[in-house]
Amino acid sequence: MRLIVDSGSTKADWISIDDDGKILFTTQTLGLNPEILENNEIVERLNDRFDILQNKKNATHLFFYGAGCGTDRMKMNLSQTFQSYFPNAIISVEEDTYAAVYATTPKGQKAIVSILGTGSNCSYFDGKELHQKVQSLGYIVMDDCSGNVLGKELIRKYYFNKMPQELAEAFEKEYDLDPDFIKSKLYKEANPNAYLATFAKFLIQHKEHDLCKKIIMKGMKSFVKNYIRQYDNCKEVPVHFVGSIAFYLKDELQQTFDKYDMKLGNVLRRPIDGLIAYHIANK
């Protein structure tokens with residue numbers, strides 16, 4: 001039994017396949033980002049899903065692609081946790097960008113591959129190896145155009161009284177905007193980046209409103225300038241995306257790419273389906 005996992009900070013998609021590629025079960029846990037979770041919290045999230053718990057000794061391989069796995073220290077830490085939990089499995093832990101590459105990029109082809117979900121990332125794939133120009137410093141400093149950054153910008157507009165009244169009233173109906181509640185979510189509970197990203201849903205739903213449109217387009221311009229244009233051949237190769245922000249704002253992405261004369265490639269909400277095909281082909 002092989003387990004394939006695509007994990008962001010918000011959620012993790014799990015698929016179990018046999019040697020013939022037949023799907024045995026699918027499930028979903030909360031995100032398993034080792035940069036913001038302790039080992040015991042990761043184990044608790046695994047135990048919360050019966051399919052995972054009952055099959056932990058049956059797994060022969062675990063292919064894990066996750067946010068927060070960009071450094072050797074985080075990879076090692078998570079690998080050790082998984083090895084204890086899945087004692088009979090060969091463990092492979094890679095950063096989530098590899099999942100995006102395998103899901104979107106035909107074998108041997110060159111591309112720039114980006115993630116726009118709760119967090120954001122961008123790498124160049126030369127057909128064999130992954131290259132990264134920008135080292136992530138986490139959601140507080142970076143993550144341009146991600147769900148958490150867009151959500152943070154929206155709530156700032158609300159509290160700085162820069163949100164038109166009709167939009168503010170709609171915003172108030174959707175969320176608990178009490179300052180003490182927000183600060184508790186940000187400073188006393190796990191996954192504050194995922195909490196901030198929940199506000200991005202409202203932004204997408206009201207993307208035709210001038211204020212929302214300005215926030216979105218400003219974020220995309222920032223992502224292109226700070227991430228994609230780091231690569232000299234950004235106008236020569238396709239730029240693929242995975243993540244809910246990219247998926248639901250594909251039209252806005254296309255508008256931005258047209259402005260910078262770049263080629264928008266595949267845009268997937270989740271890479272998990274592409275990962276299945278990849279691992280069947282490369283078993």
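Worth saying up front: this structure is predicted, and the values here are computed from it rather than measured. Index from 1, following the sequence.
Heavy atoms from other residues, nucleotides or ligands lying under 6.0 Å from CD of E129 number 12 at most. Counting non-hydrogen atoms of other residues, nucleotides and ligands closer than 6.0 Å to CD of Q165 gives a total of 12 or fewer. Within a 6.0 Å radius of CD in E38, no more than 12 heavy atoms belonging to other residues, nucleotides or ligands are found. The number of heavy-atom neighbours closer than 6.0 Å to CG of D232, taken from other residues, nucleotides and ligands shown, is 12 or below. For K214, the NZ atom is loosely surrounded, since the number of other residues' heavy atoms within 6.0 Å does not exceed 12. In K201, the NZ atom is not crowded: 12 or fewer heavy atoms of neighbouring residues, nucleotides or ligands sit closer than 6.0 Å.
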Worked check of side-chain contact (heavy atoms from CB on, under 4.5 Å) between V134 and N226: CA-CA 9 Å; V134 178; N226 291 334; over 6 Å; no

Assess whether side-chain contact (heavy atoms from CB on, under 4.5 Å) is satisfied between I4 and I272, documenting all intermediate values. CA-CA 8 Å; I4 304 170; I272 194 70; 4.1 Å; yes

Going through the distances and angles, do F247 and L253 end up as a side-chain contact (heavy atoms from CB on, under 4.5 Å)? CA-CA 9 Å; F247 182 80; L253 265 180; over 6 Å; no

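The pair K75-E95 fails the salt-bridge criterion, with no side-chain N (NZ, NE, NH1 or NH2) lying under 4.0 Å from an Asp/Glu carboxylate O. Between D13 and R270, at least one side-chain N (NZ, or NE/NH1/NH2) sits under 4.0 Å from a carboxylate O, which counts as a salt bridge.
Taking both residues in full, the closest heavy atoms of R49 and T29 are given as CG-CG2, 3.6 Å, listed atom of the first, atom of the second, then distance. Nearest heavy atom pair, residue L78 against residue F64, reads CD2-CE2, 3.3 Å.
Taking the six-membered ring where tryptophan is involved, the planes of F223 and Y227 are essentially parallel, since the angle between them stays under 30° and well short of 60°. Using cut-offs of 30° and 60° on the angle between ring planes, the pair F241 and F257 is perpendicular.
With values rounded to the nearest 0.5 angstrom, E153 atom CD is found 9.0 Å from K162 atom NZ. Between atom CE of residue M1 and atom CG of residue N88 there is a gap of 11.5 Å, rounded to the nearest 0.5 Å. To the nearest 0.5 Å, atoms CD (Q28) and NZ (K11) are separated by 6.0 Å. Rounded to the nearest 0.5 angstrom, D6 CG and D96 CG are separated by 7.0 Å.
Residue H279 forms a ring pair (Phe, Tyr, Trp, His ring centres under 6.0 Å) with just one option from Y98, F63, Y102, and that option is F63.
For T81, the side-chain contact (heavy atoms from CB on, under 4.5 Å) partners at least two apart in sequence or on another chain are N39, I42, V43.
A donor-acceptor contact closer than 3.5 angstrom links the side chains of N121 and T97. In this structure, a donor-acceptor pair under 3.5 Å is absent between the side chains of D51 and T27. For the residue pair Q254 and D258, a side-chain donor N or O sits within less than 3.5 Å of a side-chain acceptor on the partner. Side-chain atoms of W14 and T26 include no donor-acceptor pair closer than 3.5 Å.
Remark: K56 is positioned above the aromatic ring of Y85, its terminal NZ or CZ atom under 6.0 angstrom from the ring centre and at most 45 degrees off the axis.
Listed by first and then second residue, the ring-ring contact (aromatic ring centres under 6.0 Å, His included) pairs involving residues 160-185 are Y158-F171, F171-Y175, F171-F199, F171-F202, Y175-F199 (not counting sequence neighbours).
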